[in-house]
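See below for the structure under consideration.
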Amino acid sequence: MIKLQNVEKVYRTSSIETLALNNINIDVKKGEFVSIMGPSGCGKSTLLNIIGLLDAPSKGQIEIDGSPVKRYTDKHLAELRNRKLGFIFQSFHLINDLSVIDNVEIPLLYRNSSAKERRELAQEALEKVGLSNRMKHFPKQLSGGQKQRVAIARAIVGKPEIILADEPTGNLDSAMGNEILGILQKLNTDGATIVMVTHDEAMAKKTDRLIRLFDGTQVS
Amino acid sequence: MLRHLFKLIWNKKGTHSLLIIEVWAAFMVLFGVLTLIVFNLRNYLQPIGFQYEQVWNLELSSNQDTTELAPKLQRAIQRVRSYPQVTAASRMSSNTPFSANQIGNSITYNKVDVGGDFYYTDGELAKVLDIPLKKGRWYAESDRVGKYVPIVINQVMESKLFQNESGLNKVVKRDEKTSYKIVGIVDKFKAKGLFMSDTPGLFQILDKDDRWNSNILIKTKPGTDANFEAKLVKDMAMMLPGWGVEVGYLKDSRKNRENLTLVPVLIFLIVSGFLLTNVALGLFGVLNLNIAKRKGEIGLRRAMGATESGVTSQFLGEIWVLATFSLVIGLIFAVQFPLMNVFDLDREIYIIAILAAVAVIYIIVTLCAWFPSKQAAAIHPAVALHEE
Ligand SMILES: Nc1ncnc2c1ncn2[C@@H]1O[C@H](COP(=O)(O)OP(=O)(O)O)[C@@H](O)[C@H]1O
Ligand SMILES: [Mg+2]
């Protein structure tokens, strides 16, 4: 489903060069739930951004669904992100000026779908995360766990095959974190392929496979 | 997407209210200035209706002299006409073309009362100023015999008094004592210059023994110069001892007159230009700040599938929605002017000014939002989402 070969990422700023990722080889199979662990600053987010096509690798190749991503044109990448991928972030990244349901609809704005269709899909996604009674609320009126559930609904509203989560429980207490993990596990059994960055050893253990990073290098 | 943008702006209307008011105020000022400009431009584009290039204005004033004024004036104009340099000359009331003087009155026909400029002249004025006739003829000395005073009116006066009928040979009333007969109709006579609007006016024949109207308009032959002017002044002073004699060129007085219109317009234009620049800079600053604050949102949208151009058009779209809010409020005010016929201006002037103001506002906000929106699109999604 996702295959990284010899991926390297170098950040260049005016004075320094950081080798954030070095010779990464990963193969995530369809339907797998993979977690990525490692100390802070070891390149986990960088790796997830490259898998999520938010950033281009400096070297190496990525295959999605068996076809290598060659054309890094803006339009092509945007389309892939929109159709294939769903993102979840540690700090939720909800738009505070939009209601819950309007936030969830965002990915659908970037494809051709009618307002009615958008509403229906967003309602469906909110039901899946158990928030159908909070549709008209605004993010400020929600708890952290609820916010992350909105973010999950937004990630799955376009029915992507791959869900990428960057420390989705990092800002939550353990009860809420477990709740979020439960939702992700449910999505996984329903067929979604999931790659999750986490700090939490216990959570990582509940996933199918664990990738460890240290200083930009894969250690297991 | 448009709906989405409307929601986004609507939900943030509190924070945007100052911007909305600012754009609204800019619109109102623009509307005012453009109304002024459109009004003057439309006048400017209408022909002035007469020739003034070779025409001089000889102003005679009797001062202390009170005896035999009428015959003296008659001798003066005969003398003027006798020079070989003079093609034609006409006596006229003090409201000569481009002068600051105005003589107004009104006439009535079938209970319709129309006010306008009254010019008292002899029949030669048409030759001096080359005023073409649309209908009928100019009055002559022979017209005095009837019981009605002959007049020539302009086109606007005709259509206001008679609507679709012809005014030729109709009798109109000035007051209980005086009735006029219309012997001719001219097209336009914008005596105050190109910027004057084409308003009703009429020419009335001077009384035979008139003593008051002592301006003489003189059409000179091409090439006539200041030497003749000096000679003319000298001759007149000899003929009319104690009188004031002054010669002005209509060409020059026209410039002065038109500057009187242009200068205030120019001042308005400069002031509103400053104002709009201020609004534009403010808008630019706010938008730049806004985009810096919304980096996370930009990254998020990119992650969800927005293209670079999608981000640009979102930010442009937002500012257009915002401008539209302001303009809707502005229009509620602006349309009152044509609806309630404020200042008695042509409706078309207001409508053109409104449309132009709307266009200028959209152009300004687009220009202000262009650079920040491009910058927003250039923000790398991974950087925007970078967790601290
Ligand atoms: N945009 C960037 N420019 C320069 N250096 C970066 C950038 N993003 C990340 N880095 C560097 O790359 C390394 C990996 O960062 P990151 O992937 O965010 O780590 P993690 O998510 O594991 O904490 C760090 O040393 C970080 O400073
Ligand atoms: Mg990170």
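We name chains A, B, ... by the order of the sequence lines, and we start the count at 1 in each one. Because the structure is a prediction, the values reported are computed rather than measured.
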Residue pair B/Leu300, A/Phe87: steps toward the side-chain contact (heavy atoms from CB on, under 4.5 Å) verdict
CA-CA 9 Å; B/Leu300 174 89; A/Phe87 285 91; over 6 Å; no
Would the number of heavy atoms belonging to other residues, nucleotides or ligands and lying under 6.0 Å from [atom1] of [X] be above 12?
X        : atom1 : value
B/Phe6   : CZ    : yes
B/Lys12  : NZ    : yes
A/Lys59  : NZ    : no
A/Tyr11  : OH    : yes
B/Lys7   : NZ    : yes
B/Phe268 : CZ    : no
A/Arg111 : CZ    : yes

Under 4.5 Å heavy-atom distance to chain A, tell me which part of B/Arg301 shows up: side chain, backbone, both or neither.
both
Mind ranking A/Leu164, A/Asp102, A/Leu80 by heavy-atom pairs under 4.5 Å with chain B and telling me who comes out on top?
A/Asp102
Under a 4.5 Å heavy-atom cutoff, which of A/Leu109, A/Leu77, A/Asn49 has the most pairs with chain B?
A/Leu109
Take B/Glu308 and A/Lys75 through the test side-chain contact (heavy atoms from CB on, under 4.5 Å) and record every step on the way to the result.
CA-CA 8 Å; B/Glu308 283 180 25; A/Lys75 204 165 167 248; over 6 Å; no
Ionic contact status for B/Arg302 with A/Asp74, cut-off 4.0 Å
yes
Atom group of A/Ala115 that falls short of 4.5 Å from chain B, counting heavy atoms:
side chain
Structural part of A/Asp97 lying under 4.5 Å from a heavy atom of chain B
both
For B/Gly305 against A/Tyr110, the heavy-atom pair lying closest together:
O-CB, 3.7 Å
Heavy-atom pair of closest approach, residues A/Arg81 and B/Ala303
CB-O, 3.6 Å
Suppose a student defines contact as a heavy atom less than 4.5 Å from any heavy atom of chain B. Which residues in residues 141-148 of chain A would they list?
none
Quick one: are A/Ile106 and B/His4 in side-chain contact, heavy atoms under 4.5 Å?
yes
In the structure I gave you, are the side-chain heavy atoms of B/Leu8 and A/Ile95 within less than 4.5 Å of one another anywhere?
yes
Is a side-chain donor or acceptor of A/Asp55 paired with a backbone partner of B/Ala382 at a separation under 3.5 angstrom?
no
Rounded to the nearest 0.5 Å, what separates atom CD in B/Glu297 from atom CG in A/Leu94?
11.0 Å
Spatial distance of atom CG (B/Leu385) from atom OG (A/Ser91) [nearest 0.5 Å]
8.0 Å
Considering residues at least two apart in sequence or located in another chain, which fulfil the side chain to side chain donor-acceptor pair (under 3.5 Å) criterion with A/Lys159?
A/Glu124
Under the side-chain contact (heavy atoms from CB on, under 4.5 Å) criterion, do B/Thr307 and A/Glu79 qualify, and how do the steps go?
CA-CA 8 Å; B/Thr307 56; A/Glu79 163 126 12; over 6 Å; no
